[in-house]
Every structure is written in C-alpha cells, then in structure tokens.
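Basis for what follows: all heavy atoms, side chains included, without hydrogens, waters or symmetry-related copies. We count ligands from 1, going down the list as the structure has it; atoms in each ligand are counted the same way.
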Amino acid sequence: MTETNIEMTKPEDSAITSFEDLNIEYKILTALKDMGFEEPSPIQKGAIPLALAGEDIIGQAQTGTGKTAAFGIPIVQSLDEKDRHVQALVMSPTRELCIQVAEEIGKIGRTKRIRVLPVYGGQPIERQIRNLRGGVQVVIGTPGRLLDHLHRGTIKLDHVKFLVLDEADEMLDMGFIEDIETIIKQVPVDRQTMLFSATMPRPILSISKKYMRAPKLVAIHKEIVTAPTIAQYYYETRDKVDGLCRILDTTDDFKMIIFCRTKKGVDELVIALATRGYQAEGLHGDLSQSQRDRVMKKFRQNEVDILVATDVAARGLDIDNITHVVNFDVPQDPESYVHRIGRTGRAGNTGVSITFITPREFRQLKLIERTIKTKIIRGVLPTDENVLERQREQIISKMQSVLEQDNFHDYLPIVEALEKDYEISDIAAAALKFMQEGNKALETPESKSDLPDALSNTGARPGMVRLFINVGRSAKVTIRDIIQTISIEAEIPPRSIGRISMYDKFSFVEVPAESAEKVIGVMHRNTIRGYRVNMEPARARE
Ligand code: AMP
C-alpha cells in the first residue's frame with residue numbers, strides 16, 4: 001500500500017453510531033428508514049463522511065457489507081435533482097449486480113425522485129436507449145454494454161461528477177480492465193472517484209494511482225477470537241426460508257435467536273414462519289418499550305422458542321440458554337458475527353451457530369472465517385426424507401386425533417371415487433404426501449428440480465457432472481471465457497473444469513460433481529461476456 005500513498009481510515013475508531021450522525025439529509029433518512037436500515041454498517045461509517053467531503057475513496061469490502069449504500073447515499077445526497085444529465089456512473093461486473101445496485105440506489109433516491117437505470121448486455125439495447133433519452137441521473141452498467149452505448153453515442157458522460165468502480169477485482173478477473181480504462185477516459189477529470197473491491201491486486205492499485213486523487217482507504221478488519229464451544233455451520237441456498245424451516249423441522253428442543261439485517265426483514269421472516277406454522281416473535285427498533293417487554297417476557301419464559309431480531313434490537317439483551325444463533329442474513333462485518341454468535345454457548349453450555357449465505361455472499365463468509373481464524377463448516381440442509389422421518393410420529397398422532405374426532409365424512413366421496421382405481425393404503429399415503437408437501441407432491445420426475453437426481457444422470461464422466469449452457473459460438477463466447485467465468489464465480493480452479501463442447505447456440509461443460517450445485521447456483525442467470533446465462537444439468541442421451 002505504501003507505494004500508492006493511500007491513507008488508511010479505521011471506521012471502528014469513529015464516534016458515529018447513527019445515520020443522523022453522518023449528516024445525511026432528511027429526505028434520504030426517511031428513505032433509509034423505509035428500507036428498514038437501523039444504523040450504518042462499518043463500511044458506511046467509514047466511507048460516507050469521506051465521500052460527502054468530496055474525497056476519492058478505496059473501499060475494501062464485498063457484497064454483504066452494505067457497500068452499495070456506502071457509495072449510494074453520498075451520491076444521492078450530492079446529486080442535483082433538477083439536472084437531467086447523467087451525473088453518476090457506476091461500473092459493475094455482472095448483470096445481476098447492476099440490477100441489485102440500481103434497485104438499492106433507486107430506493108435510497110426515492111424521496112428525491114432520482115432517476116436510476118441499469119444497463120447490461122442481454123437486454124434489448126433499444127429499450128435502454130429510450131430510457132437514457134428520457135433523462136437518467138445515475139447509470140449502473142457492465143463495461144461491455146457501457147462501451148456499446150458510448151460507441152453509439154447514446155450515453156453522454158460529460159456531466160458525470162461521480163464515478164464508481166464496484167467489485168473492481170471481479171471486473172479485472174473477467175477481463176474488463178481495458179474496457180474500464182477506455183470508459184474512465186471519457187469521464188471528466190474533475191470528478192469524485194470511488195473504488196470498491198474485496199481484494200487489492202496490483203492492477204487495481206495501479207488503476208487507483210492513475211485515475212484517483214489521493215484516495216483514502218476504508219477497510220474494516222479487526223482481530224477477533226470466538227468462543228470455541230460454538231459449533232459454527234453455514235448453509236448456501238437461494239431459498240433461505242425453506243432452508244431454515246428444514247432445520248427447524250429436524251431440530252429438537254431449541255431456543256433460537258435469528259438475526260436479520262433490517263426491520264423489514266424481521267417482520268417478513270416472522271410472517272413467513274407464521275404462514276408455515278412456526279411461532280416466532282420479532283424484535284426491532286420500531287417496537288414500543290411495552291411491546292419489547294412483552295416479546296422478551298414470552299421468549300424468556302419459553303412461550304416462544306424463536307426470536308427474530310435486528311442487531312440493534314438485540315444489543316444489550318442478556319438471555320440464558322440460547323441453543324442456536326441463526327444469521328439469516330450474513331453479518332456485515334466479522335465483529336458483528338462474533339457478537340451475534342456469542343449469545344449462545346455461554347456458561348460452559350454448547351451452542352450452534354448457523355449462517356445462511358447466497359452464492360454471492362461466499363466471499364463475505366470467507367472474510368469472516370479468515371478474521372476469526374475459525375473454520376465455519378459447510379452444512380448440508382436436511383432433505384424431504386430427513387424432515388419426514390422426524391415428522392412421522394407427529395403425523396401419526398395428528399392422524400389419530402382426526403380419526404377419533406370422526407368428522408371427516410365430507411371427504412369420503414373422494415376416497416370412494418379413487419377406490420375404483422387404487423388401493424386404499426395407496427390413497428391414504430398419497431393424501432399424507434399431499435398434506436405434507438402441498439403442490440410439490442404434484443411434480444413429475446421431469447419437472448422436479450431435485451438437484452442430486454438431476455445431477456446423477458448427465459452423461460458426464462465419473463466424478464463429473466455435465467452442464468448445459470445456453471450460449472455458444474454464435475454469441476462470440478470462447479472456451480476460455482466459459483472457463484474463466486465459471487472458475488471466478490464458483491471459486492474453483494480452472495484446471496478442475498473438464499471437457500467443454502461448443503455448438504452454435506449452446507455448449508456443454510463438465511465440472512467436478514462436488515462443485516456442480518455451486519456452479520449452477522452462481523452461474524444460472526449470471527452473464528458470460530455480457531450474455532445472460534441459463535445453466536442446468538444436461539440430460540444423458542438414452
Ligand atoms: P451490499 O453489501 O451493498 O450488497 O448490501 C447487502 C445488503 O445489506 C443489502 O440488502 C442492503 O440493502 C443491506 N444493507 C445495506 N446497508 C444496511 C444497513 N445500514 N442496515 C441494514 N441493512 C443494510
């Protein structure tokens with residue numbers, strides 16, 4: 001770092017505790033409240049004051065830390081709402097990220113009516129051109145598509161005051177460096193530049209040296225140690241509610257605190273659990289003191305065994321005998337991870353911590369692991385069969401009650417209709433399946449998205465899984481592009497990727513069986529060279 005003379009700022013040393021302390025204007029504070037944010041995350045505490053003071057910033061942070069709002073809030077605050085030119089340009093590596101960032105900045109800028117547009121490959125360019133013509137103030141784009149607009153003259157950057165390079169190391173890995181430089185050169189030099197990156201390889205530092213003015217580095221590392229009595233697991237899934245329910249269904253006698261990032265998140269999860277038959281109480285900053293007391297009393301006295309809370313609301317709570325801490329949303333920094341999980345495993349008791357991550361949050365998890373110097377074990381979610389196993393006794397006792405109540409006769413004509421073609425025991429078992437699984441019970445083997453099955457018969461060599469991708473030669477995508485993107489996104493070595501066959505409109509690629517779910521998880525709906533990708537297990541030829 002010394003060679004670039006980057007000054008280091010430590011957000012944890014600052015006295016900032018609330019968004020109000022950051023001198024954010026009232027309109028934006030209202031928007032943040034609507035978004036359910038209770039307090040700034042560490043990267044926001046560090047970056048926002050510097051950004052508002054007009055400094056160039058290098059933020060060392062990845063998805064999950066709140067980095068988008070760290071640059072989004074100062075941008076929205078400093079924009080001139082009446083000026084319809086593009087005033088802020090954000091470059092992001094993937095379509096998915098462009099959309100996420102655009103949504104987040106759109107929400108922050110809602111009360112100021114800021115006009116935000118994501119532009120990425122795979123979406124018809126004409127639609128983007130129409131929107132750009134309508135006057136957009138913040139553009140978030142992938143480098144490839146931005147260059148396309150620049151060549152066509154459909155985007156003008158001469159009024160840009162803020163330039164953001166988001167996930168710069170990923171853009172570098174994806175081979176966008178030249179495109180990025182070409183674009184930066186078209187942005188007025190009299191601008192504020194912010195660069196966010198999880199790692200700081202040399203080419204990123206050299207970009208910062210070339211195109212930034214005395215940038216300040218904001219990083220959020222700290223040495224922490226965790227209590228060894230806590231067994232720490234993580235689960236990677238796109239459907240966190242389903243994953244959580246599977247864990248609840250297969251765990252006996254628990255007293256659990258579940259952490260969500262926002263107040264909204266708490267409310268939504270309490271409802272989602274309630275609709276699935278789990279009773280949980282929510283705790284966040286919007287509750288009155290008497291509501292809080294009521295919730296805490298119920299939890300302390302074991303009337304409910306699940307408490308869903310934000311970090312702020314749970315601060316200072318002292319509750320004994322918590323068996324499980326669940327990070328429903330990945331914590332924004334390692335310190336908060338340690339605080340959260342430290343609520344279990346107290347006084348010599350053992351405890352379990354469970355962290356849910358989406359594929360994109362893998363890096364944030366790895367950072368936590370590195371900082372706390374403890375391995376967080378990858379957990380495998382219980383299957384339908386595991387859940388059913390645990391539920392068998394409960395089902396039997398419920399069925400006995402229904403049979404004893406003897407008032408199910410309205411349903412007998414249905415049984416009689418089915419009886420002509422099926423055995424009574426089959427009808428009863430099918431009815432139980434339907435009761436337990438709902439519409440999922442109607443899926444045919446072909447429509448079933450049960451990965452392990454689908455992955456076992458793809459026509460790949462032993463130990464590998466063959467995947468179908470909907471891009472091929474006609475998209476001007478090369479074998480190297482495919483290898484590079486998969487290896488970066490799924491964090492697997494390029495050498496582990498097996499045979500690739502390319503056709504005109506699609507390709508097949510073989511990946512190691514143990515990485516297949518992850519590859520599909522991170523690649524499906526992602527982009528390769530700007531092309532939106534559908535990826536699924538191939539079907540073996542019969
Ligand atoms: P990011 O790291 O920007 O991808 O943000 C991860 C998630 O955290 C997004 O869903 C944000 O909306 C959310 N988030 C960002 N800042 C805060 C905050 N201060 N409090 C709660 N949630 C936040």
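- At a heavy-atom cutoff of 4.0 Å, ligand 1 is contacted by no atom of Phe71, backbone or side chain.
- Counting only non-hydrogen atoms, the option in Glu39, Lys263, Gln100 that gets closest to atom 19 (N) of ligand 1 is Glu39.
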### Query
For His85 and Asp80, what are the C-alpha separation, side-chain angles and deciding distance, and is it a side chain to side chain donor-acceptor pair (under 3.5 Å)?
CA-CA 9 Å; His85 293 97; Asp80 176 358; over 6 Å; no
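- Distances between N or O atoms of Met35 and those of ligand 1 include no value under 3.5 Å.
- Atoms of ligand 1 lying under 4.0 Å from at least one heavy atom of Phe19, given by number and element, are 19 (N).
- Less than 4.0 angstrom separates some heavy atom of Glu104 from each of these atoms of ligand 1: 11 (C), 12 (O), 15 (C).
- Cation-pi geometry between Lys518 and Phe362 is met: under 6.0 angstrom from the ring centre, within 45 degrees of the axis.
- Sequence neighbours left out, the pairs with a member in residues 25-75 that pass ring pair (Phe, Tyr, Trp, His ring centres under 6.0 Å) are Phe71-Phe196.
- Distance alone, capped at 3.5 Å, is enough to place a donor-acceptor pair between the Gln192 side chain and the Glu55 backbone.
- Close contacts between ligand 1 and Thr65 involve ligand atoms 2 (O) [criterion: under 4.0 Å to a heavy atom].
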### Derivation and outcome, side chain to side chain donor-acceptor pair (under 3.5 Å), residues Thr17 and Asp21
CA-CA 7 Å; Thr17 55; Asp21 294 338; 3.1 Å; yes
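- Among all protein heavy atoms, the one lying closest to atom 7 (C) of ligand 1 is Arg261 NH1, 3.1 Å.
- Protein heavy atom at the shortest distance from atom 14 (N) of ligand 1 is Phe37 CZ, 3.4 Å.
- Looking only at side-chain heavy atoms (C-beta outward), Thr65 and Ser41 stay at 4.5 Å or farther from each other.
- Listed by atom number, the atoms of ligand 1 under 4.0 Å from Ser41 heavy atoms are 19 (N).
- Looking only at distances, a side-chain donor or acceptor of Arg213 sits under 3.5 Å from a matching main-chain atom of Arg191.
- At a heavy-atom cutoff of 4.0 Å, ligand 1 is contacted by both the backbone and the side chain of Thr68.
- Against a heavy-atom cut-off of under 4.0 Å, Gln332 is close to the following atoms of ligand 1: 8 (O), 14 (N), 15 (C), 16 (N), 17 (C), 18 (C), 22 (N), 23 (C).
- For atom 2 (O) of ligand 1, the nearest non-hydrogen atom from the set Gly265, Pro40, Ala69, Gly64 belongs to Gly64.
- Looking only at heavy atoms of the protein, atom 16 (N) of ligand 1 is closest to Gln44 NE2, 2.7 Å.
- The contact set between ligand 1 and Thr262, taken as ligand atoms under 4.0 Å from a residue heavy atom, comprises 21 (C), 22 (N).
- Listed for the Asn327 side chain is no donor-acceptor partner under 3.5 Å among the backbone atoms of Asp329.
- A pairwise comparison of heavy atoms in Glu170 and Glu489 identifies OE1-OE2, 3.5 Å as the closest pair.
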